[in-house]
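Beneath this line is the structure, given in structure tokens, with notes to follow.
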Amino acid sequence: MLDHEYTTKEIFRNNFFVDWRKEMTLEEKMVITDLDKCDFTEMFTYYKGKMEEKKNKSKEDKLKIKEENEKLLEEYGYCAMDHHREKIGNFKIEPPALFRGRGDHPKQGMLKKRILPEDIIINCSKDSKIPEPPPGHKWKEVRHDNTVTWLASWTENVQGSVKYIMLNANSKLKGEKDWEKYEIARKLKHHAEKIRKTYRENFKSKEMKVRQRAVALYFIDKLALRAGNEKEEGESADTVGCCSLRVEHIKLYPELDGEKHVVEFDFLGKDSIRYYNKVPVEKQVFKNLQLFMENKEEGDDLFDRLNTPLLNKHLQSLMEGLTAKVFRTYNASITLQQQLQELTDPEESIPAKILSYNRANRAVAILCNHQRAPPKTFDQSMANLKSKIDAKKEQILLAKKELKEAKKEAKEKDSEKLNKVVESKKRAVQRTEEQLMRMEVQATDREENKQIALSTSKLNYLDPRISVAWCKKWTVGLEKIYNKTYRDKFAWAIDMTETDFIF
DNA sequence: AGACGGACTTGAACACATGCTC
DNA sequence: GAGCATGTGTTCAAGTCCGTCT
């Protein structure tokens with residue numbers, strides 16, 4: 001890890017050293033007292049060399065390794081469930097490592113210990129062939145619980161949380177759950193207007209608790225914020241969601257850039273990804289926020305009378321199965337559907353249609369604040385594409401000139417052969433222009449996508465039936481939208497969806 | 001009511017494979 | 001056919017939400 005930025009951080013180094021000392025013998029403890037005086041370069045070079053060696057292996061050796069991996073997958077990567085062979089999502093145990101939290105994580109650098117068979121709970125049917133532990137070992141426990149979906153579990157030592165071995169997303173079990181999730185979101189569609197009306201009424205409630213709940217729900221609905229559970233301080237990075245917003249995370253502007261009642265959000269959300277947004281809100285919301293912030297100081301909860309169990313309990317009463325996260329799914333899917341409707345031009349070419357799809361997808365990703373680090377090679381690859389586009393333009397000019405000359409010649413001496421030449425030159429111009437258009441579309445798409453990750457929403461928030469129906473309607477190949485993984489995961493939707501599907 | 005453990009989904013980063021260009 | 005950019009698959013951390021216990 002030495003060439004990673006992590007290892008320069010004070011917390012990381014301290015945590016590592018504390019945990020390392022726990023592993024030392026008495027003599028080692030006497031000698032090794034200061035991490036800054038430890039020189040790991042020899043080990044570092046050794047492993048660097050190993051990696052290099054691996055990279056430089058011959059084709060045959062690489063093929064052999066690949067085959068061995070496939071054999072491993074074949075033997076351990078599947079299980080039998082209800083007489084079906086199902087792929088396991090993660091069949092390999094997590095190896096020991098130094099814990100890498102995200103953001104400003106208080107536990108970064110701690111030693112994540114090796115998991116032994118003695119740590120593992122196996123969950124399988126009573127009458128099934130129970131997996132053998134490695135020789136000389138035994139499992140922590142073998143149980144037969146058919147109310148849960150995991151096959152094996154262990155407790156991880158850094159956070160003390162349980163980790164699981166579970167089925168792949170393409171399994172029947174996961175597919176059914178996925179379908180249920182979208183069905184609940186679709187159900188919300190029929191309740192949304194009434195729920196909105198209710199929370200607007202509640203803006204004026206005389207009970208502070210109810211007002212806070214209403215404003216929080218307004219944010220969750222309008223901005224697709226996460227619920228925001230409470231977190232234990234010092235156990236992980238300081239991040240928040242809607243219910244856990246603190247007064248320092250918002251600023252109120254009675255007027256800003258010609259708009260009234262603007263709220264500026266600035267906080268770290270899940271994975272310490274920054275959420276920054278300036279939104280005009282309804283007057284009642286604005287007034288309430290002013291009220292909630294009265295007599296509070298930095299560090300105080302904005303919604304001090306509210307938490308996620310309270311909010312979810314309320315939502316349950318409005319619609320069965322409704323929780324805060326359903327709004328994210330609902331708003332993401334409905335936004336995709338609306339955007340597709342708006343952006344798809346029946347006349348445009350297939351590549352242009354795909355650009356429209358990506359733009360609709362992008363609108364959702366922006367709503368959900370799904371970001372990514374710009375690819376390291378972004379500037380370079382963009383410049384490459386630009387120069388290719390320029391070259392293509394040159395090519396078109398040239399092709400046009402040739403066409404003109406051919407036409408002229410054909411006019412002068414009207415021969416069969418020359419007419420054919422004109423035709424082929426015409427086609428060449430057309431072809432090159434199409435190529436240029438495709439490149440320009442690609443450039444636009446890539447530029448707009450620089451810091452936005454589409455995959456998360458595609459995989460977790462967008463009802464696949466919307467996309468399948470759209471592809472069918474416009475005869476766009478599904479593989480242009482969904483790669484193999486997605487098609488696999490959404491097999492349930494691909495099977496059942498007709499062109500007229502409406503979310 | 002609140003703490004807590006447990007199960008499951010969501011998320012960005014990273015590693016690896018593939019396919020394209022020169 | 002090598003070298004590299006891009007797309008795909010893997011990893012594992014970090015959320016949500018539920019049920020149980022006190």
Side-chain angles (χ1 to χ4, degrees), chain A residues 4 6 51 54-55 59 62 65-66 69 73 77 87 89-95 97 99-103 105 107-108 112 121 123 145 147-150 153 155-156 158-169 173-174 177-178 180-181 220 225-232 235-237 239-244 268-273 307-313 315-316 321-329 332 365 368-373 375-378 380-382 384-385 388 442 446 451-461 479 482-489:
Chain A
H4 200 286
Y6 275 106
M51 268 168 69
K54 199 178 146 197
K55 224 166 73 186
K59 232 179 190 168
K62 278 184 182 168
I65 292 169
K66 202 180 156 191
N69 283 338
L73 176 74
K87 202 168 171 198
N90 56 328
F91 71 91
K92 290 178 187 164
I93 204 80
E94 292 176 17
F99 178 80
R100 303 148 86 130
R102 315 253 166 89
H105 203 297
K107 295 192 171 183
Q108 63 190 101
K112 191 170 95 171
I121 303 172
N123 188 35
D145 183 354
T147 66
V148 295
T149 71
W150 52 270
S153 74
T155 302
E156 161 268 356
V158 176
Q159 316 259 33
S161 64
V162 189
K163 298 247 176 169
Y164 303 92
I165 301 289
M166 287 183 187
L167 294 184
N168 188 273
L173 193 75
K174 295 278 188 190
K177 283 238 176 177
D178 210 33
E180 274 170 28
K181 176 180 81 183
I220 285 172
L225 299 189
R226 295 188 188 84
N229 284 317
E230 276 164 38
K231 296 168 65 172
E232 212 177 326
E235 290 296 301
S236 63
T239 63
V240 296
C242 185
C243 292
S244 50
L268 297 182
K270 182 177 176 180
D271 292 325
S272 292
I273 297 290
N307 55 30
T308 52
L310 230 50
L311 176 64
N312 281 331
K313 217 178 145 203
L315 293 176
Q316 282 294 350
L322 186 62
T323 60
K325 83 198 263 280
V326 179
F327 282 88
R328 241 166 112 81
T329 313
C368 293
N369 199 38
H370 290 143
Q371 300 188 24
R372 63 167 184 171
K376 285 186 194 79
T377 53
F378 185 86
Q380 184 56 48
S381 78
M382 209 60 201
N384 288 348
L385 190 56
K388 266 197 208 164
Q442 198 190 357
R446 199 184 292 176
Q451 300 195 63
I452 296 166
L454 300 185
S455 55
T456 305
S457 52
K458 218 179 208 180
L459 207 59
N460 298 305
Y461 288 105
E479 72 283 354
Y482 285 154
N483 67 33
K484 197 175 148 293
T485 322
Y486 292 77
R487 292 200 300 276
D488 242 21
K489 166 163 178 173

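The analysis underlying the following values was restricted to heavy atoms, covering all of them including side chains, and did not include hydrogens, waters or symmetry mates. Sequence lines set the chain letters: A, B, ... in the order given, protein chains first and strands last, and positions in each chain run from 1.
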Checklist outcome for this item: Expected string for nucleotides 5-15 of chain B under the B/S/- scheme (protein heavy atoms, under 4.0 Å, primed atoms plus P, OP1, OP2 as sugar-phosphate) is -SBBSBBSSS-
Checklist entry - What orientation do A/Trp150 and A/Tyr164 show, parallel under 30°, tilted 30 to 60°, or perpendicular over 60°? => result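 Rings of A/Trp150 and A/Tyr164: tilted, as their planes differ by 30° to 60°.
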Rounded to the nearest angstrom, tell me the gap between atom [atom1] in [X] and atom [atom2] in [N].
| X | N | atom1 | atom2 | answer |
| --- | --- | --- | --- | --- |
| A/Glu230 | B/dA3 | CD | C1' | 11 Å |
| A/Tyr482 | C/dG7 | OH | C1' | 17 Å |
| A/Leu310 | C/dC17 | CG | C1' | 14 Å |
| A/Asn229 | C/dC18 | CG | C1' | 11 Å |
| A/Glu479 | C/dT8 | CD | C1' | 15 Å |

Checklist entry - Got a second to check how far A/Leu315's CG is from A/Leu310's CG, nearest 0.5 Å? => result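 Answer for the CG-CG pair, A/Leu315 versus A/Leu310, is 10.5 Å.
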Checklist entry - Regarding A/Thr323 and A/Asn312, is there a side-chain donor-to-acceptor distance under 3.5 Å anywhere? => result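 Absent: no donor and acceptor within the cut-off.
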Next on the checklist: Could you check whether A/Ser236 and A/Lys107, counting side-chain N and O atoms only, form a donor-acceptor pair closer than 3.5 Å?
Outcome noted: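 Absent: no donor and acceptor within the cut-off.
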Next on the checklist: Going by the rule ring pair (Phe, Tyr, Trp, His ring centres under 6.0 Å), which residues pair with A/Tyr482 if we only count those two or more places apart in sequence or in a different chain?
Outcome noted: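 For A/Tyr482, the residues satisfying ring pair (Phe, Tyr, Trp, His ring centres under 6.0 Å) (neighbours in sequence not counted) are A/Tyr486, A/Phe490.
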Contact class for [X] vs. all strands (heavy atom < 4.0 Å): base, sugar-phosphate, or nothing?
| X | answer |
| --- | --- |
| A/Thr239 | sugar-phosphate |
| A/Lys107 | nothing |
| A/Ala97 | nothing |
| A/Glu235 | nothing |

Next on the checklist: Counting neighbours of CD on A/Glu235 that are heavy atoms of other residues, nucleotides or ligands and sit closer than 6.0 Å, is the number greater than 12?
Outcome noted: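 More than 12 within 6.0 Å, yes.
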